[in-house]
Amino acid sequence: MRVSKMFMPTQREIPAEAEIVSHQLMLRAGIMRKIASGIYSFLPLGYRTFRKVENIVRQEMDRAGAQELIMPAVLPAEIYQESGRWEVFGPEMFRLKDRNQRDFCLGPTHEEPFTETVRNEIHSYRGLPLTLYQIQHKYRDEKRPRFGVMRSREFVMKDAYSFDRDEAGLDISYQIMAKAYCAVFDRCNLDYIVVDADSGAMGGSGSQEYMVKSNVGEATVAFCTACGYAANDEKAVCVSKDGIDESIEMPLEKVHTPNSKTIEELMGFLGLAPDMFAKSIIYLADEKLVIAIVRGDREINETKLTNLLGCKELGLASATDVVAVTGAAVGFAGPLGLKANVTLIVDNEVSLMKNMVVGANETDYHFKNVSYGRDFNGTTVSDIRTIVKGDPCPKCGLKVDVCRGIEVGHIFKLGTKYTKALNCNFLDEEGKENPMLMGCYGIGVNRTMAAIIEQNYDDNGIIWPLSVAPYHAVVVPVMISDETQMKMAEEIYAKLVNSGVEVLIDDRDERPGVKFKDSELIGIPFRITVGRKAKDGLVELKERKGKDSLELSPDDAIKLIIEEIKAI
RNA sequence: CGAGGUGUGGCUCAGCUUGGUAGAGCGCCUGCUUUGGGAGCAGGAUGUCGCACGUUCGAAUCGUGUCACCUCGACCA
């Protein structure tokens with residue numbers, strides 16, 4: 001391809017709307033343009049990389065025995081009503097009506113149509129196991145799209161669905177996909193970790209996420225370098241400290257704590273460390289009030305709490321409700337002397353505490369020297385806090401580390417959640433009807449592309465790994481008016497094209513600086529510069545990711561590039 | 001949905017406080033010079049100042065409303 005003819009609108013300045021590096025570079029390098037909030041077009045250069053990522057996914061899915069098909073993006077309401085998700089998705093689902101006022105939606109995820117298709121066509125154990133997938137546009141009307149393509153309203157997802165006759169079969173299908181996912185992300189040159197995840201609204205029994213380590217990631221993961229344990233912070237297990245607190249229990253004491261509502265204010269007022277306090281937060285869980293108690297320096301993990309309570313919605317209780325339960329202003333809640341009989345959920349760490357400070361359920365008063373078991377007992381003791389760096393690993397006991405991650409892939413064991421709802425059954429050898437066991441597996445293609453940039457860039461722009469680069473190489477004649485240079489550049493270009501190398505020739509009448517800057521911004525892995533030394537039969541080969549360049553003959557440069565491409 | 005912010009040429013932004021002929025840099029077009037790291041000189045084109053209503057002799061500037069976009073939070077396969 002000739003750069004002079006390319007639709008490649010690069011920008012020198014950082015667009016005002018872009019906050020994170022991948023978003024900025026995707027706009028500057030002419031990869032994509034915004035059409036509306038969270039909705040983007042991919043331009044030629046971007047679409048080439050996009051298709052490369054897609055093809056890596058496709059190849060690994062095929063290799064894993066999954067079969068590709070394509071479902072519609074416009075789907076009738078009925079199948080989502082059958083599974084109950086027409087309501088569950090709420091405003092996040094893009095909805096529309098046809099001319100006869102029938103309800104449709106733009107598919108946010110395709111469990112339902114896949115399940116329906118398999119239900120209609122597979123009726124025997126002989127047809128199982130079966131894994132189908134598609135690479136398809138998905139639509140979610142996110143409350144807040146952000147970071148360019150990281151969280152967008154229209155995106156492309158590879159979604160695969162496995163159907164098995166029993167748990168053992170599902171385990172096998174799941175493991176095959178788990179392995180294929182590693183192959184995909186390895187080929188994309190990503191530094192990622194596989195973490196245990198909360199299966200959330202998707203339902204089901206087991207789930208793992210593929211997290212690309214990055215501080216712009218929206219998820220937090222805990223991992224243990226010693227034993228390999230890794231989990232999303234919504235799932236990471238917090239164990240209580242070993243051994244019993246040996247301190248002597250002091251007599252309970254009520255203290256006057258005027259205007260000290262927060263742990264910080266209390267620390268200052270009482271001169272105690274934050275781990276001597278227990279904070280009591282009142283929640284409204286599906287219209288039922290509960291109190292959750294964690295140590296003063298901890299955070300309540302609302303996902304864990306939601307799962308523990310088995311509720312659909314969880315939110316902080318209103319001030320009115322707090323006053324009704326505690327009989328005191330907000331900020332003085334505690335487990336002792338509550339005005340109403342509410343469920344008391346106690347974090348496992350608090351259940352070992354002695355001589356702690358808690359709210360007295362009386363405005364401007366706290367209790368000192370409260371000991372769990374002596375002064376109060378919880379309805380339930382469980383792990384309801386968020387893990388932090390330095391906490392003990394639930395597997396080996398050593399300290400865990402915490403980092404941010406971009407979720408590029410997510411795999412679930414769904415079990416019979418959808419197959420039961422949609423009557424997707426099969427007959428076994430004995431002629432008995434059973435629901436199929438289902439797994440679902442997603443990769444965000446656009447997000448993967450952005451994640452690759454987040455891990456592969458420098459001050460000059462993107463550094464595409466060879467496996468996903470829009471072009472493998474670019475030939476840059478320094479001066480197009482110099483016949484020797486132009487002739488040599490054209491010859492190199494022709495040879496590379498004939499060898500199957502995806503190559504650009506920058507034949508624009510621009511100064512060399514402009515060409516170098518552009519080639520670096522768009523991240524082409526190899527650059528052959530044809531300059532002054534052309535008359536001596538030499539060119540310069542520069543790798544985008546390296547600092548140094550080689551001076552060699554055109555044929556040697558071509559050979560080197562071809563060898564590198566063969567290696568991917 | 002709560003809070004904050006921004007809308008001025010293709011891009012980045014100034015002008016608004018204190019109303020009076022719409023600006024800069026980059027990009028774009030023409031010509032000349034230049035050619036190993038986003039060139040120089042000369043000339044040129046490009047704007048319903050997001051939209052609507054209002055105040056005023058007069059509104060990019062003041063007021064009200066509205067839309068879009070961005071950030072933080074809440075929420076979320």
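Model, not experiment: these values are computed from the prediction. No hydrogens, no waters, no symmetry mates; every other heavy atom, side chains included, goes into these values.
- Under a cutoff of 6.0 Å and an axis angle of 45°, A:Lys413 and A:Tyr174 form a cation-pi pair.
- For B:rC70, the OP1/OP2 oxygens have a side-chain nitrogen or oxygen of A:Lys34 closer than 4.0 Å.
- The partner of B:rC69 is B:rG5, by the rule that a Watson-Crick or G-U pair needs both atom distances under 3.5 Å.
- For the P atom pair drawn from B:rU18 and B:rA74, the interatomic distance equals 39 Å after rounding to whole Å.
- The base of B:rU34 sits with one of its N or O atoms less than 3.5 Å from a complementary donor or acceptor on the side chain of A:Arg511.
- Between the side chains of A:Gln136 and A:Asp159, no donor-acceptor pair is found at a separation under 3.5 Å.
- Pair assignment for B:rA60: none, as no Watson-Crick or G-U wobble contacts are both less than 3.5 Å.
- Side chains of A:Glu209 and A:Asn232: a donor on one and an acceptor on the other come within 3.5 Å.
- For the pair A:Lys542 and A:Phe516, the cation-pi criterion (under 6.0 Å, within 45° of the ring axis) is not fulfilled.
- With C1' as the reference atom, B:rU61 and B:rG19 are 6 Å apart, rounded to whole Å.
- Pairing for B:rA24 goes to B:rU12, judged as Watson-Crick or G-U wobble with the two contacts each under 3.5 Å.
- Look at A:Arg144 and you'll find a side-chain N or O under 4.0 angstrom from OP1 or OP2 of B:rC72.
- Residue-to-nucleotide contacts include no donor-acceptor pair under 3.5 Å from the side chain of A:Arg146 to the base of B:rC70.
- For A:Ala36 and A:Ala16, each mapped to the nucleotide of RNA chain B holding its nearest heavy atom, the one lying further toward the 5' end belongs to A:Ala16.
- Taking atom P in both B:rU12 and B:rU55, one finds a spacing of 36 Å when rounded to whole Å.
- Nucleotide B:rC41 is matched to B:rG31 when pairs are restricted to Watson-Crick or G-U wobble geometry with both distances under 3.5 angstrom.
- The closest side-chain donor-acceptor pair between A:Tyr139 and A:Arg95, if any, does not fall under 3.5 angstrom.
- The separation of B:rC11 from B:rA3, taken at their P atoms, amounts to 31 Å, rounded to a whole angstrom.
- Where A:Arg527 and A:Pro15 meet RNA chain B, the nucleotide closest to each residue was compared, and A:Pro15 sits on the side nearer the 5' end.
- The side chain of A:Glu520 lies closest to B:rG37 when the candidates are B:rC75, B:rG37, B:rA74.
- One C1' atom belongs to B:rC29, the other to B:rA45, and the distance between them is 7 Å to the nearest Å.
- Among B:rC70, B:rG38, B:rG37, the nucleotide with an atom closest to any side-chain atom of A:Ser37 is B:rC70.
- As rounded to the nearest Å, B:rU34 and B:rG4 have C1' atoms that lie 49 Å from one another.
- Judged by distance alone, with hydrogens and angles left aside, A:Gln11 brings no side-chain donor or acceptor close enough to the base of B:rG27 to form a pair under 3.5 Å.
- Using Watson-Crick or G-U wobble geometry with both donor-acceptor distances under 3.5 Å, B:rA74 finds no partner in any strand shown.
- Residue A:Glu13 places no side-chain atom within donor-acceptor reach of the base of B:rG38, judged by atom type and a 3.5 Å distance cut-off alone.
- Nucleotides B:rC53 and B:rG47 place their P atoms 22 Å apart, quoted to the nearest Å.
- Distance from the side chain of A:Phe147 is smallest for B:rC72 among the nucleotides B:rC72, B:rC76, B:rG27.
- Checking A:Tyr283 against A:Glu302 by side-chain atom types alone, a donor-acceptor pair falls below 3.5 Å.
- One interatomic measurement links the two molecules: NZ of A:Lys143 to P of B:rG2, which rounds to 12 Å at whole-angstrom precision.
- Spacing of C1' atoms, B:rC51 relative to B:rU8, comes out at 14 Å, to the nearest Å.
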